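Below, all heavy atoms of this structure are taken into account, side chains as well, without hydrogens, waters or symmetry copies. In each ligand, atom 1 is the first atom listed, and ligand 1 is the first ligand listed. None of the values given here were measured: they were computed from a predicted structure.
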Amino acid sequence: MHTSAMTRPLPQTEWHPALWQSRTASQQPLYADVQALENVIARLSRLPPIVTSWEVEALKRQIADAQRGQRFLLQGGDCAESFDDCTSDKIAKKLKILLQMSLVLVYGLKKPVIRVGRMAGQYAKPRSADTETREGLSLPSYRGDLVNRQLFTPSDRAADPELLLRGYERAAMTLNFARALVDGGFADLHHPEYWDLDFVGHSPLEAEYRRIVDSISDSLDFFESISGHSIQETSRVDFYASHEGLHLLYEQAQTRYIQRRRRWYNLSTHFPWIGMRTAQLDGAHVEYFRGIANPIAVKVGPAMTSEWLQELMQVLNPNNEPGRLTLIHRFGAKCIEECLPPLIQAVRGAGALVLWSCDPMHGNTEATAAGIKTRRFDNILAELETAFRIHQEMGSYLGGVHFELTGENVTECTGGARGLTDADLNRAYLSQVDPRLNYEQALELAMRIAGRRVGGT
Ligand code: PEP
Ligand code: CO
């Protein structure tokens with residue numbers, strides 16, 4: 001390849017960000033105008049990165065701590081972010097619920113919590129079918145705002161390369177604003193008098209919930225009075241971004257070689273994950289992920305076998321690097337009892353270092369009688385409870401949770417203290433993809449996790 005004096009030659013590494021192109025890449029959109037796509041990818045790869053390698057390495061060290069049981073990972077956000085929701089209000093609300101949940105968890109688990117948003121880049125979705133048919137017309141499925149548009153017309157559903165740039169810009173704006181809030185504007189959020197706790201009165205566990213909130217308040221007051229500083233001045237709150245690394249050209253464009261570390265980094269996010277539908281050993285996603293130095297996660301569902309998991313760990317983390325690999329299991333309340341123990345054994349048998357996290361959302365999706373996609377609070381809680389118990393019984397450590405949530409007052413999941421029913425789903429169902437926990441349901445779940453550790457519920 002010809003390189004001008006101005007262009008730095010690519011390093012001669014065994015792995016290269018485009019190597020995945022020799023493999024079968026599932027869940028990728030088809031672009032009609034290949035030249036336009038190439039131009040966009042070239043423009044994307046010239047833009048500055050959204051995150052830096054030292055932040056990525058800091059997160060990896062924190063995940064390594066969590067693997068040793070010294071920290072706990074809280075990861076949450078929308079199933080799919082939408083471009084329209086890139087507003088100050090929506091971002092602030094999402095951050096608020098994540099920070100408040102993390103405080104509840106810190107209190108209950110008595111360890112530092114790693115806060116990771118499923119945001120600032122969560123714009124591409126895997127779909128079960130490539131096309132959608134309505135009244136005899138078949139069009140490409142909606143694959144997230146990074147790829148195409150939701151309206152059911154041929155032009156809206158055509159994959160548009162410009163959206164890759166729009167998504168990248170919004171990811172940068174989102175993380176920029178989230179960081180600014182975390183760095184200063186959110187000081188008050190540490191104090192429960194700013195929390196929306198109306199739902200607590202609707203729960204039989206009201207006394208327990210109030211005790212948790214009061215204790216957090218007391219601890220903060222105590223801390224601030226003896227230190228003479230507000231908690232915000234004293235402890236810098238770290239906040240990290242994550243998304244499913246699904247659209248491989250987008251991920252490739254953001255993959256940079258960091259000379260002084262002699263490694264490749266995906267600098268579009270701190271913590272990308274491989275979704276359950278794209279974890280094939282010989283597939284393009286695994287090929288791409290093996291070469292980046294970021295901490296990565298893999299979603300693990302009922303179809304995962306012990307052999308498959310052992311091979312994945314071998315390919316994705318051959319040197320057993322601490323902090324590198326998180327396994328997010330998502331079996332559903334019905335399957336977890338049967339599916340999780342063999343995989344814990346498989347990890348142990350391989351002598352592999354992983355962080356286990358539980359996603360109690362994706363195995364518990366169901367349709368109501370009216371055909372609306374929902375998830376029931378009790379099933380979500382049951383899967384979580386079972387996950388904590390199984391890990392404990394087997395001498396393993398459940399060191400994280402992964403939620404689909406929003407800071408808004410939506411009605412997408414049923415149950416929780418207010419006892420939302422199927423009939424409530426019509427009221428404020430905004431998700432275009434999976435149903436999310438609302439503010440109250442999310443905070444209540446954090447309280448249930450904290451409560452079981454504190455010995456209450
Ligand atoms: C998701 O996290 O939105 C998702 C599609 O999950 P999974 O890959 O676990 O099905
Ligand atoms: Co989802």
message: I'd like to know if the side chain of Ser203 reaches the main chain of Val200, judged simply by a donor and an acceptor atom lying under 3.5 Å from each other, with no hydrogens or angles considered.
response: no

query: Hey, does the Lys NZ or Arg CZ of Arg134 hover above the aromatic six-ring of Phe152, less than 6.0 Å from the centre and inside 45° of the axis?
result: yes

message: Quick one, Glu366 and Arg375 - any side-chain contact, counting heavy atoms below 4.5 Å?
response: no

field: salt_bridge(Arg118, Asp359) N-O dist < 4.0 Å
entry: no

- prompt: Can you find a side-chain donor-acceptor pair between Gln280 and Arg23 that sits under 3.5 Å?
  reply: no

message: Give me the number of protein N, O or S atoms whose distance to the Co ion (ligand 2) is under 2.8 Å.
response: 4

task: Measure up the Tyr209 and Phe199 rings against each other and bin them: parallel (under 30°), tilted (30 to 60°), perpendicular (over 60°).
output: tilted

Kindly list each side-chain donor-acceptor pair under 3.5 angstrom involving residues 166-174, sequence neighbours excluded, with atom names and distances?
unit_1: Arg166; atom_1: NE; unit_2: Glu169; atom_2: OE1; d: 2.9
unit_1: Arg166; atom_1: NH1; unit_2: Glu162; atom_2: OE1; d: 3.3
unit_1: Arg166; atom_1: NH2; unit_2: Glu169; atom_2: OE2; d: 3.1
unit_1: Tyr168; atom_1: OH; unit_2: Pro48; atom_2: O; d: 2.4
unit_1: Tyr168; atom_1: OH; unit_2: Gln254; atom_2: OE1; d: 3.1
unit_1: Arg170; atom_1: NE; unit_2: Phe83; atom_2: O; d: 3.3
unit_1: Thr174; atom_1: OG1; unit_2: Arg170; atom_2: O; d: 2.7

query: What class does the angle between the rings of His391 and His329 fall in, given that below 30° is parallel, 30 to 60° is tilted and above 60° is perpendicular?
result: parallel

List ligand 1's nitrogen or oxygen atoms that come under 3.5 Å of a protein nitrogen or oxygen, with the partner atom and distance.
unit_1: ligand 1; atom_1: 2 (O); unit_2: Arg118; atom_2: NH1; d: 2.9
unit_1: ligand 1; atom_1: 2 (O); unit_2: Arg118; atom_2: NH2; d: 3.3
unit_1: ligand 1; atom_1: 2 (O); unit_2: Lys299; atom_2: NZ; d: 2.8
unit_1: ligand 1; atom_1: 2 (O); unit_2: His362; atom_2: NE2; d: 3.4
unit_1: ligand 1; atom_1: 3 (O); unit_2: Arg118; atom_2: NH2; d: 2.8
unit_1: ligand 1; atom_1: 3 (O); unit_2: Lys125; atom_2: NZ; d: 2.8
unit_1: ligand 1; atom_1: 3 (O); unit_2: His362; atom_2: NE2; d: 2.9
unit_1: ligand 1; atom_1: 3 (O); unit_2: Glu404; atom_2: OE2; d: 3.1
unit_1: ligand 1; atom_1: 6 (O); unit_2: Lys299; atom_2: NZ; d: 2.9
unit_1: ligand 1; atom_1: 8 (O); unit_2: Met276; atom_2: N; d: 2.8
unit_1: ligand 1; atom_1: 9 (O); unit_2: Lys299; atom_2: NZ; d: 2.9
unit_1: ligand 1; atom_1: 9 (O); unit_2: Arg330; atom_2: NE; d: 2.7
unit_1: ligand 1; atom_1: 10 (O); unit_2: Arg277; atom_2: NH1; d: 3.4
unit_1: ligand 1; atom_1: 10 (O); unit_2: Arg330; atom_2: NH2; d: 3.0

message: Gln345: which residues meet the side-chain contact (heavy atoms from CB on, under 4.5 Å) condition with it, sequence neighbours left out?
response: Arg348, Met394

